[in-house]
Amino acid sequence: MTITETDTWTGQRVKEADREYVIHSWSVQGALDPVPVAGGSGSWFWDHDGNRYLDFQSQLVNLNLGHQHPKLVEAIRDQAARLCYIGPGFAERSRAELAETLAALTPGDLKMSFFTTGGAAANENAIRLARHVTGRHKVIARYRSYHGATNGAMSLTGDPRRWASEPGGMPGVVRMFDPYTYRCPAGHPDPCPVCSGGPHLEEILRYENPDTVAAVIVEPVTGTNGLIYPPDGYLRSLREVCDRYGILLIFDEVMAGFGRTGAWFACNHWDVTPDILVTAKGLNSGYVPLGAMTVSARISEWLRDHMFWGGLTYAGHPLACASGVASLRIMQEENIVENARLRGERLGAGLARLAESHPSVGEIRGRGLFHGVELVTDRETREPLVPFNAKGAAAAPVGRVLKAAMARGLYLTANFNVLRLTPPLVIEDSEIDLALDVLDDVLDLADEHYAG
């Protein structure tokens, strides 16, 4: 086959080649009918036929600056002209500048950073480092969590996508329940020790032997698995228990970081600093694959005298790091975090109004532009519109809502019965209002299943 540049790539041509040769994530390949995307700008993308879609998902909750931000595209172009690649063993400007910038932006005494190709690799290295620093092997993670699809990260992950990778994976993972206040975990009474954080963790440590536990890893705000916000005091309680037993606390802010919740980092809302912070996605809006593991001053000092047993060919890739520096600069220059906070207030107020007229809305939760709408068939019993891990016909009620929204030009996704509302942080008021209008219409489909 001779590879030549051609203008014959119509939407249909793209779909045909995609169907024949591309393997898509988490999918039965023969059941797919993906939209052939031709371009995007700001909060919108469009197909080859000119149909436009308001991206209320920020793709994989990573396009924080929206599609094709001109300053970010220019920064990548400039770095490509200067230096496309140099090995991770060298010192390079974009890598050093991004690390220095993160040390200034991240909370507390977080200091040194190791750069990866995404969140999964950053989580893998965070666990490896925690084990080396503590000399222990167990890691406590939560059930409603997602930490990535590589071997170790998938072992940490709690959601059902983990099941297909079992048995195997990384040994030493222990699970705890989540602070899911809308659905009290394990039937505990009020006050719920699980949702308090520390009491539940300490009970687990009693059975696991805290001297064997290297780290606790949590998403400060659960992302993929239902947009679950912890009660006030939860993260502080985890911090205190970890400190008591010499356990490292790891925050996975791959999805919630960099302005998504209306603060630079979700943990800022509760003024709690982890020992290791894992980020990706919004770090550079996903324009080039990039993740980061940022560690405390104490761990930084440990690394001065101990081997770091981790590495990647593309660790600190110059194009990726340059895009990260540019992204963070844009966020500061354009007040992106404040925009997320203000637009989030508008979105939250609009969703509250929708809840008054749509009985299928059981709960709305969110800060900034990181909102979830939990759909139910009965507000009193809180019976979910579709069950946990629903597939096929069982998942159809939510599937109808998503399909109807897409037909109206609004791109949404869901986790079982929870709609994820995570638009780009550059979204305008008029676009928020447009999305709310579409939601008002398509939620009628969820209301049809209401039985309360």
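Every value quoted in this text rests on a predicted model; they were computed, and no experiment measured them.
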Can you say whether the rings of Y229 and W270 are parallel (under 30°), tilted (30 to 60°) or perpendicular (over 60°)?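 Taking W270 first and then Y229, their aromatic rings sit tilted (interplane angle of 30° to 60°).
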
Report the relative orientation of the aromatic rings in F45 and H67; use parallel for angles under 30°, tilted for 30 to 60°, perpendicular for over 60°.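 F45 vs H67 ring planes: tilted.
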
Backbone of P220 reached by a side-chain donor or acceptor of E253 within 3.5 Å: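 Checked: no pair found.
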
Run through R420, R365, R379 and flag the one making a salt bridge (charged side-chain N to carboxylate O under 4.0 Å, His left out) with E374.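 Exactly one pass, corresponding to R365.
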
Can a side-chain donor-acceptor contact be found between [Y] and [X] if the only test is distance below 3.5 angstrom?
X: D440; Y: H358; result: yes
X: S94; Y: R82; result: no
X: H69; Y: S285; result: no
X: Y146; Y: D252; result: no

Side chains of Q68 and V73: does their closest heavy-atom pair fall under 4.5 Å?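 Side chain of Q68 against side chain of V73, heavy atoms only: contact under 4.5 Å found.
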
Check ion pair R341-E338 (N to O, under 4.0 angstrom):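 Judged by the 4.0 Å cut-off on N to carboxylate O distance, R341 and E338 do form a salt bridge.
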
Enclosure of E100 CD (heavy-atom neighbours >12, cutoff 6.0 Å):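 Incorrect, the count does not exceed 12.
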
Inspect the surroundings of CD in E333 and state if more than 12 heavy atoms from other residues, nucleotides or ligands are less than 6.0 Å away.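 Atom CD in E333 is crowded, with more than 12 foreign heavy atoms closer than 6.0 Å.
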
Is NZ or CZ of R95 both nearer than 6.0 Å to the six-membered ring centre of F115 and within 45° of the ring axis?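 Here R95 fails the 6.0 Å and 45° test against F115.
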
Qualifying residue for side-chain hydrogen bond (donor to acceptor under 3.5 Å, both in side chains) with R142, from T222, D159, N225: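 Exactly one option meets the side-chain hydrogen bond (donor to acceptor under 3.5 Å, both in side chains) with R142, and it is T222.
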
